[in-house]
Student: 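The structure's right below; bear with me while I get my questions together.
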Amino acid sequence: MNIEKFLQDKVVATAKNLYGELDPSLLQLQKTRKEFEGDMTLVTFPLLKLSRKSPEQTAQQIGEALLEQVAEVKGFNVVKGFLNISLSEAFWAARLEDIRADEGFGQGAPTGRTVMVEYSSPNTNKPLHLGHIRNNLLGYSVAELLKAAGNRVIKANLINDRGIHICKSMLAWQLFGNGETPASSGLKGDHLVGKYYVAFDKAYKEEIRELTSRGMDEEQAKREAPIMQQAQAMLRKWEAKDPEVYALWERMNGWVYEGFDLTYKAMGVDFDKVYYESQTYVLGKSLVEDGLARGVFFRKEDGSVWADLSGDGLDQKLLLRGDGTSVYMTQDLGTAYTRFQEEQLDDLIYVVGNEQNYHFQVLKLILSKLGYAWSDHITHLSYGMVELPEGKMKSREGTVVDADDLIDGMVETAREMSQELGKLDGLSEQQIDDICQMIGLGALKYFILKVDPRKTMLFDPRESIDFNGHTGPFIQYTHARICSVLRKASEAGLAPAAKIDGALLVPEEVALIGTLAEYPATVLAAAETYSPSVVANYVYELAKAYNGYYHDFSVLREQDKAKQALRLALAGTVARVIASGMALLGIGVPERM
RNA sequence: GGUUCCGUAGCUCAGUUGGAUAGAGCAACAGCCUUCUAAGCUGUAGGUCGAGCGUUCGAACCGCUCCGGAAUCACCA
């Protein structure tokens, strides 16, 4: 039950009695700030024209009427124009019972909609880095949020497995690799391939230097450097399906996939559908030709096909080259069309960095010009860059934070810290591994997901390896402590209360139930705005509220058995909601740490 | 230059459809481990919400104008 809505209805009815018909939106209810007494607050300023009284008198009048007519209202106080309403303990006790009885608490009713979330979308020429981590964590979490909001969700990954950048790694491996393989080198497949991508760039730069020192201008040198010429020749061979090049391509991509699988597994992300660009890059041509025939696009003298978007404040956009080959936009038009057809999608969400805002603006506009109503159901979830203290990450300059290194480092730090604090004694190696994995990744994931996706965020590798304060491990710790209490209570033969007696609730516990009751609405809000950060901050507030209040006394030593049973029930519910919220972020919660 | 996004404490970030005295964490300072886990708790200090004007009973939030920063504007993907 939504408390705000419940009270809203009562207040609307009361106000209608007092002032006649009115717009329900005039009655603004919000949670009472903690420095005031009360549970919900009605802001009376919008009502003054109807009541024709001062804010204080209006609040007083409504408060008295509510107290008289609504059984759940226990009392009220008026501060300036704010009517602070207190709800009865019995009401709150019933809410806690509702939550406990609801096994799918936080799970929204089915919407009947199918939503595809495309995320990750890596290139197969280098390992994943910190920027990819933000993408993957956001994509996974948004997919989970949409599921929780009642949608059928398809997680999709479109792998960019072809193109000149792939040929660069392949060529460099041929030239300098001496047959090196992941097995022979001990390198993870994606790292091995990435090594040759870097090697290509190094050799390329060397050749440019060589050519320019002999008087060639730089642009020409970039075009004519032999190694670049070779790479382009290789791409043409690939497109002609030259058996040798194709075999090499398959072999090296295979190495990369083995590497990516490990990284995905470590991050805990997965996909329902994997698309390969090598199979989809021909899509879209027929759409463009259709649009051309209908006069939506136009052809230039050299045969290239364009969309003129200057009427919409944008530029002209190339859709087919003069030689008839397609570009990125062409493929995306085709894949979007195919997906809506094949999967019967209601919505398609692309998790892609904000450097591609323009691309998606154009994509949607073109689809709309082609007359596809579903273009409105495409969303570009545009997230900000992750910056380092030194500035941006540049893969070619080696200033990237490698995903695998980062994950390993976090897990290792979690392990050191656990040992130092003397936790985890008496657990098996396997248990310790699992817990440290959860904590290390929890810290990393939470650090990234607590920030609003749209914002550029700063990642300081030193400060970010923090397990204190507003972090994932703090929330995990709170969960672990509750589990510990429940474990010990159970050993002592104590059980959580089956029935909640409102008379035993103290104000802090009422506040805690109030926070718990907000969880479903929070999940829905997060799903609607594609912002895992909303859930992340909520879970922290919940954990902090619990930790702050329950720190001062011992549940286990409580003399009053009824109170003790109630507190165990409340603690268990808090732990359940924490675990549920963290799961939406892809973060596990250990039972001890 | 055009378009889009961002600007909140020394630092990293929250801040609900506009509501009360703008909140956390980190860093600093002062306390708290014979009681369920101190990865914790309590307290102190820290603010011209980039600037100005406007709308409103009321603005960090809405509008306009500036200032500062980012992304993008390829026959790359």
Student: Can you say whether a donor on the side chain of A:Asn84 sits under 3.5 Å from an acceptor on the base of B:A20, or the other way round?
Tutor: yes
Student: Looking at A:Lys31 and A:Glu4, is any side-chain nitrogen of the basic one under 4.0 Å from a carboxylate oxygen of the acidic one?
Tutor: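 Salt bridge flag = no for A:Lys31 with A:Glu4.
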Student: Under 3.5 Å, is there an N or O donor on one side and an acceptor on the other linking the side chain of A:Thr41 and the base of B:A20?
Tutor: yes
Student: Is the base of B:C64 syn or anti, if syn means a glycosidic angle within 90° of 0?
Tutor: anti
Student: Distance check needed: B:G40 P versus A:Phe474 CZ, whole Å only.
Tutor: 7 Å
Student: Any stacking of A:Phe45 on B:G19, going by centres under 5.5 angstrom and planes within less than 30 degrees?
Tutor: yes
Student: Among B:G19, B:A14, B:C73, which nucleotide sits nearest the side chain of A:Asn537?
Tutor: B:A14
Student: What's A:Ser533 touching, base or sugar-phosphate or nothing? Going by heavy atoms closer than 4.0 Å.
Tutor: nothing
Student: Under 4.0 Å between a Lys/Arg side-chain N and an Asp/Glu carboxylate O for A:Asp302 and A:Lys300?
Tutor: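 A:Lys300 and A:Asp302: not salt-bridged.
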Student: Any idea which of B:A14, B:G40, B:G19 is nearest the A:Gln28 side chain?
Tutor: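 The nucleotide sitting nearest to the side chain is B:G19.
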Student: Can you check the distance between B:A59 and B:A20, where both ends of the measurement are the P atom (answer in whole Å)?
Tutor: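 These two P atoms come out 10 Å apart once rounded.
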Student: From C-beta outward on A:Asn357, which listed nucleotide comes closest to its side chain: B:A39, B:G25, B:U4?
Tutor: B:U4
